[in-house]
Amino acid sequence: MSNKVSRLLLAGVLAVTLTACGGETAAQPFDPAETAQALLDSGAFSEPLEEMSVDLACGTLYDIDASEVTGCAVYTSLTAGAEEIAVLTLNSEEAASGALDALEQRVADQRAALENYQPEEVSKLDGAILEQRGTSVLLAVANDAGAAQSALDALAQ
């Protein structure tokens, strides 16, 4: 009988342990407007940024199907530099994963384009923040990546 009780107690402890491990909730998806504004207000950018329309951003910059985008805030440098903010919400996690790939490609393309043209901008691309949270994705290329990350961390709290 005590063997049976020991097994039940062990099973209970395992259940509680597994529940505690799995109890963490995934980070909330990025809200495009709120996230972009927090980044703009962070002081992380050394250049003025201009807002782009979803169609222009998806078609020209990222090669993302705009029909899959349900929310968008994109800001790019007015000086053709590397600084940029893109916060997109998509209609599925699969679409978000594809969008993250497109944002990663954007960073690679920008690095190749700016290497010889504006080499001082490449270090900004090296510090690019790329993240997917559920159905949302984020790209932040800032002069001060630490300040940008601090703004994002503050939003998560």
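Index from 1, following the sequence.
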So, for [X] and [Y], which heavy atoms are closest and what is the spacing to 0.1 Å?
| X | Y | answer |
| --- | --- | --- |
| Ala96 | Gln132 | CB-NE2, 3.5 Å |
| Ser77 | Ala80 | OG-N, 3.6 Å |
| Thr79 | Gln118 | O-NE2, 4.0 Å |
| Gly127 | Ala145 | O-CB, 3.5 Å |

- Residues pairing under salt bridge (charged side-chain N to carboxylate O under 4.0 Å, His left out) where one sits in residues 116-135, two or more places apart or in two chains, turn out to be Glu47-Lys124, Glu83-Lys124, Arg111-Asp126, Glu121-Lys124, Glu131-Arg133
- Residue pairs involving residues 53-80 (criterion salt bridge (charged side-chain N to carboxylate O under 4.0 Å, His left out); sequence neighbours excluded): none
Sequence neighbours excluded and cut-off under 3.5 Å, please list the side-chain donor-acceptor pairs for residues 146-157, or say none.
from, atom 1, to, atom 2, distance (Å)
Gln149, NE2, Asp153, OD1, 2.9
Ser150, OG, Gly146, O, 3.1

Linking I/L/V/M/F/W/Y whenever any side-chain heavy atoms sit under 4.5 Å apart, do [X] and [Y] land together?
| X | Y | answer |
| --- | --- | --- |
| Ile85 | Leu130 | no |
| Leu138 | Tyr62 | no |
| Val107 | Ile129 | no |

- Item | CG-CG distance between Leu49 and Leu78, expressed to the nearest 0.5 angstrom | 7.0 Å
- Thr135 OG1 to Asn91 CG distance, which is reported to the nearest 0.5 Å: 8.5 Å
Is there a side-chain contact between [X] and [Y], using heavy atoms and a 4.5 Å cut-off?
| X | Y | value |
| --- | --- | --- |
| Cys58 | Val69 | yes |
| Cys72 | Val87 | no |
| Leu139 | Val74 | no |

- Message: Pair Tyr75, Leu39 - check side chain to side chain contact (heavy atoms under 4.5 Å, CB included), show working.
- Response: CA-CA 10 Å; Tyr75 293 82; Leu39 287 166; over 6 Å; no
- Message: Is it the case that the side chain of Ser136 and the backbone of Phe30 share a donor-acceptor pair, with hydrogens and angles ignored and the cut-off at 3.5 Å?
- Response: yes
Please list every donor-acceptor pair under 3.5 Å in which a side-chain atom of residues 97-106 meets a protein atom from a residue at least two apart or in another chain.
from, atom 1, to, atom 2, distance (Å)
Gln105, NE2, Asp109, OD1, 2.7
Arg106, NE, Glu84, OE1, 3.2
Arg106, NE, Glu84, OE2, 3.3
Arg106, NH2, Glu84, OE1, 2.9

- Task: State which residues pass side chain to side chain donor-acceptor pair (under 3.5 Å) with Asn116; sequence neighbours excluded, sorted by chain then number.
- Result: none
- Considering residues at least two apart in sequence or located in another chain, which fulfil the side-chain contact (heavy atoms from CB on, under 4.5 Å) criterion with Glu94? Ser92
